[in-house]
Amino acid sequence: MAEAIVKGLLHKRLTTPGQIGMFNRSNAERLEQLRNQYGVYTALEQSDKEKMLQSADIIFLAIKPKDAAESLRTLAPLLNGRQMIVSLIAGLPIRTIERLLGQTVPVIRTMPNTSATVGLGATGLSFSDAVSAHQRDLAEELFRAVGMTAVVEEPQLDAVTAVSGSGPAYIYYMMETMMAAGQKLGLSPQAARELTLQTVLGAAHMVIETGEEPAELRRKVTSPNGTTQAAIETLESHRFSEAFMHAMERCMNRARELGAEIERSAGE
Ligand SMILES: NC(=O)C1=CN([C@@H]2O[C@H](COP(=O)(O)OP(=O)(O)OC[C@H]3O[C@@H](n4cnc5c(N)ncnc54)[C@H](OP(=O)(O)O)[C@@H]3O)[C@@H](O)[C@H]2O)C=CC1
Ligand SMILES: O=C(O)[C@@H]1CCC=N1
């Protein structure tokens, strides 16, 4: 996810590689690849990581929820009151970030998605009380450079995760199935892939460019007693819509569980 944002920011020329520093826990090969590909600074040694954090204006937290508590505890003594923290971590509440840091700092909690890589990301944002108007504008500008943004109340970020954070995976899952089914029905792998891709792209563009609701556009594809009706009825007989609704609820609840797990470990 960090790479998606860096790639998007550089592509839009919102910053320069020399203003970006990246590090991870231990994967030197991955850092070398990022340095070669984007020209960003990277740090391997602990002392270099600390210097990078101390001199940063904006610190992006792009670590997995399971690593959040330890990382935030390590980060706490390196803060100088001037940095702004931007968290991408699913489910992790601002209050837990502040608790783990042991201080009140400007925290921007976000839920982006990987489509930021190609400038078509969708990011939900919420702000802690310590975030100034200027910092809000800056954060929105950063994420607008890689797609669209929506400012929401913090609890709604878990719903944003269910819709757009994890959303690309649902579409890829559907595409995988459409391609496999196309092949099973006799198309070549290439034809099944190309037709699926163009169908997904075209459908999204139709909603954007006609301004019509998906339900209306679907109605226009569905001839009475025709092929589409037969397909949709089959999906409904398998409770597709209900299953999808359950999946998204489960996604949102999982984000909350992840946050609660970190909160528990913050108290230990
Ligand atoms: N992937 C997605 O589509 C989205 C992800 N997110 C959120 O983004 C976050 C990152 O996810 P994702 O990019 O998929 O995960 P990745 O596993 O790809 O990246 C996590 C990175 O964190 C590094 N890391 C772990 N512990 C530390 C540490 N103590 N200090 C420094 N670096 C550390 C890892 O380094 P190393 O490899 O060396 O261990 C790795 O580079 C998650 O919290 C996720 O919820 C949000 C929206 C979408
Ligand atoms: O699967 C995950 O936990 C992360 C958060 C949103 C997308 N990927």
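Remember, it's 1-based here, ligands and their atoms both numbered in the order they're listed.
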Evaluate the side-chain hydrogen bond (donor to acceptor under 3.5 Å, both in side chains) criterion for residues Arg109 and Ser126: first the C-alpha distance (whole Å), next the side-chain angles of each, then the deciding distance (0.1 Å), finally the verdict.
CA-CA 5 Å; Arg109 181 178 161 195; Ser126 286; over 6 Å; no
Is it true that the side chains of Gln46 and Glu50 contain a donor and an acceptor less than 3.5 Å apart?
yes
The answer, listing residues by chain and number that come under 4.0 Å of ligand 2 through any heavy atom, is Ala90, Gly165, Ser166
Using a 4.0 Å cut-off on heavy atoms, what residues surround ligand 1? Order them by chain and number.
Met1, Phe23, Asn24, Arg25, Ser26, Asn27, Ala62, Ile63, Lys64, Pro65, Asp67, Ser71, Leu88, Ile89, Ala90, Met111, Pro112, Thr114
Taking only residues at least two apart or on different chains, which pairs with a member in residues 186-198 satisfy side-chain hydrogen bond (donor to acceptor under 3.5 Å, both in side chains)?
Gln190-Glu194
Between CG on residue Leu92 and CG on residue Leu258, distance to nearest 0.5 Å:
9.5 Å
Is the CD atom of Glu70 crowded by more than 12 outside heavy atoms at less than 6.0 Å?
no
Just wondering, are more than 12 heavy atoms of other shown residues or ligands nearer than 6.0 Å to CD in Glu153?
no
Do Lys7 and Glu3 sit within salt-bridge range, that is, some charged N less than 4.0 Å from a carboxylate O?
no
Quick one: do Arg95 and Glu154 make a salt bridge, cutoff under 4.0 Å?
no
Let me check something: any side-chain donor-acceptor pairs from residues 166-181 under 3.5 Å, sequence neighbours excluded? List them with distances.
from: Tyr170; atom 1: OH; to: Ala162; atom 2: O; distance (Å): 2.6
from: Thr177; atom 1: OG1; to: Tyr173; atom 2: O; distance (Å): 3.0

